[in-house]
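Below: the structure, in structure tokens.
Indexing begins at 1, ligand by ligand and atom by atom, following the structure's order. Every value quoted in this text rests on a predicted model; they were computed, and no experiment measured them.
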Amino acid sequence: MKIKIADLEFEPLISEKVIVERTKAIGQQLNADYQNSIPVFVGVLNGSFLFIADLIKEIDRPCEIAFTKLASYYGGTTSKLKIRDDIDLIMDIKDRDVVIIEDIVDTGNTLHYLIDKLKKRNPASIAVCSLLLKPEALLSPIEELKYVGFEIENEFVVGYGLDYQEMGRNLRDIYKKI
Ligand code: XMP
Ligand code: MG
């Protein structure tokens with residue numbers, strides 16, 4: 001079913017059911033990969049808030065959770081080159097295994113910025129888990145990107161945490177702009 005948010009129309013792309021199944025599978029992969037560690041999951045606000053909430057419930061071993069807030073779209077439908085660093089990660093990550101949880105990787109600028117910043121704090125390791133990836137939009141490879149929910153076309157999406165003009169984050173499914 002088509003939906004309208006502000007001036008744009010969207011159609012369904014990935015259903016809640018498919019998101020749930022994929023999140024479970026990624027959770028199992030993380031459980032296996034971090035069985036000898038207490039990882040710190042770092043959610044990138046705002047977009048990843050639903051994904052990290054659902055993903056962390058699939059983790060069946062000790063782990064910690066922390067947040068940072070970055071923005072690169074602020075309002076529009078294209079990625080900005082300049083990253084706005086709104087809330088820093090306050091947790092001490094020295095010698096910790098860090099897993100950054102993102103909603104979507106587009107140009108990759110946001111992640112490069114965050115990875116460079118966190119590396120300076122000497123974590124034991126950094127990996128990235130993103131629900132979505134737009135491979136065609138990625139400007140340079142991200143070595144740390146180990147877990148990807150879905151690869152999508154280079155199209156603007158909303159729902160399940162992702163917004164258009166701050167709306168649509170509450171939708172259970174993911175929609176693409178028509
Ligand atoms: P970059 O280009 O830095 O972008 O990889 C990553 C951030 O931009 C936002 N983003 C989107 N938000 N629909 C959205 O609602 C999209 O299609 C989209 N593409 C990128 C998002 O915040 C992500 O963290
Ligand atoms: Mg984001």
Side-chain angles (χ1 to χ4, degrees), residues 1-16 18-19 22-23 26 30 40-56 65-89 98-120 126-178:
M1 203 185 57
K2 277 200 293 188
I3 57 164
K4 192 155 193 237
I5 301 178
D7 55 327
L8 298 182
E9 286 202 309
F10 295 85
E11 64 186 16
L13 181 66
I14 310 171
S15 71
E16 179 183 25
V18 172
I19 297 169
R22 188 74 189 109
T23 303
I26 296 172
L30 289 166
V40 181
F41 293 103
V42 175
V44 184
L45 296 172
N46 288 334
S48 73
F49 79 106
L50 287 181
F51 179 46
I52 196 168
D54 288 338
L55 183 65
I56 201 125
I65 185 163
F67 293 94
T68 182
K69 186 171 190 307
L70 300 170
S72 79
Y73 264 53
Y74 19 108
T77 61
T78 52
S79 195
K80 308 282 189 297
L81 286 176
K82 195 165 161 25
I83 315 285
R84 223 178 55 205
D85 195 331
D86 288 343
I87 302 176
D88 192 10
L89 174 70
V98 171
V99 185
I100 296 170
I101 310 294
E102 256 289 23
D103 51 353
I104 186 163
V105 181
D106 189 305
T107 62
N109 288 330
T110 305
L111 267 184
H112 280 301
Y113 170 86
L114 181 60
I115 291 166
D116 285 351
K117 185 168 117 169
L118 297 188
K119 269 189 179 164
K120 295 189 182 117
I126 298 187
V128 178
C129 171
S130 182
L131 176 67
L132 304 171
L133 169 67
K134 297 179 183 175
E136 279 168 41
L138 195 61
L139 294 175
S140 63
I142 301 172
E143 200 189 309
E144 293 81 359
L145 185 56
K146 304 247 169 66
Y147 310 89
V148 172
F150 305 94
E151 293 194 352
I152 62 169
E153 307 275 293
N154 196 0
E155 55 206 357
F156 184 71
V157 293
V158 294
Y160 192 63
L162 294 134
D163 72 300
Y164 174 54
Q165 296 185 354
E166 290 305 323
M167 285 180 293
R169 295 192 195 276
N170 54 317
L171 297 165
R172 289 170 178 271
D173 307 309
I174 293 171
Y175 293 78
K176 68 171 184 182
K177 182 165 122 16
I178 299 171

Residue that, paired with Glu102, satisfies side-chain contact (heavy atoms from CB on, under 4.5 Å) out of Thr110, Val42, Leu70, Leu114: Thr110

Proximity winner for atom 23 (C) of ligand 1, if only heavy atoms of Ile104, Ile142, Leu132 are counted: Ile104

Numbered atoms of ligand 1 (with element) below 4.0 Å of Asn109, judged on heavy atoms: 3 (O), 5 (O)

N or O contact, Val157 vs ligand 1, cut-off under 3.5 Å: yes

NZ/Lys177: more than 12 non-hydrogen atoms of other groups inside 6.0 Å: no

Leu111 N/O to ligand 1 N/O under 3.5 Å: no

Val148 backbone acceptor or donor facing Arg22 side chain under 3.5 Å: yes

Atom indices of ligand 1 within 4.0 angstrom of Gly108 heavy atoms, with elements: 1 (P), 2 (O), 5 (O)

Modelled atom types, side-chain donor and acceptor of Tyr160 and Asp103, under 3.5 Å: no

Reference residue Tyr147; test side-chain contact (heavy atoms from CB on, under 4.5 Å); the match among Leu131, Ile101, Ile26: Ile26

Proximity flag Lys134 to ligand 1, non-hydrogen atoms under 4.0 Å: yes

Ligand-side contact atoms (ligand 1) for residue partner Thr110, heavy atom cut-off under 4.0 Å: 1 (P), 3 (O), 4 (O), 6 (C), 7 (C)

Test item, Gly47 contacting ligand 1 (heavy atom, 4.0 angstrom): no

Asp163 near ligand 1 by a heavy-atom separation under 4.0 Å: yes

Any N/O pair Tyr164/ligand 1 closer than 3.5 Å: no

Single hit among Asp173, Leu132, Val157 for side-chain contact (heavy atoms from CB on, under 4.5 Å) with Ile14: Leu132

Ligand 1 versus Asp103: contacting region, heavy-atom distance under 4.0 Å: side chain

Atoms in ligand 1 with a heavy atom of Ser72 nearer than 4.0 Å: 3 (O), 4 (O), 6 (C), 7 (C), 8 (O)

Close-contact set for ligand 1 against Glu102 heavy atoms, below 4.0 Å: 24 (O)

Taking every non-hydrogen atom, the tightest pair across His112 and Pro141: CE1-O, 3.5 Å

Parallel, tilted or perpendicular: rings of Tyr164 and Phe10 (30°, 60°): tilted

Short N-O contact, Lys119 and Glu144, less than 4.0 angstrom: yes

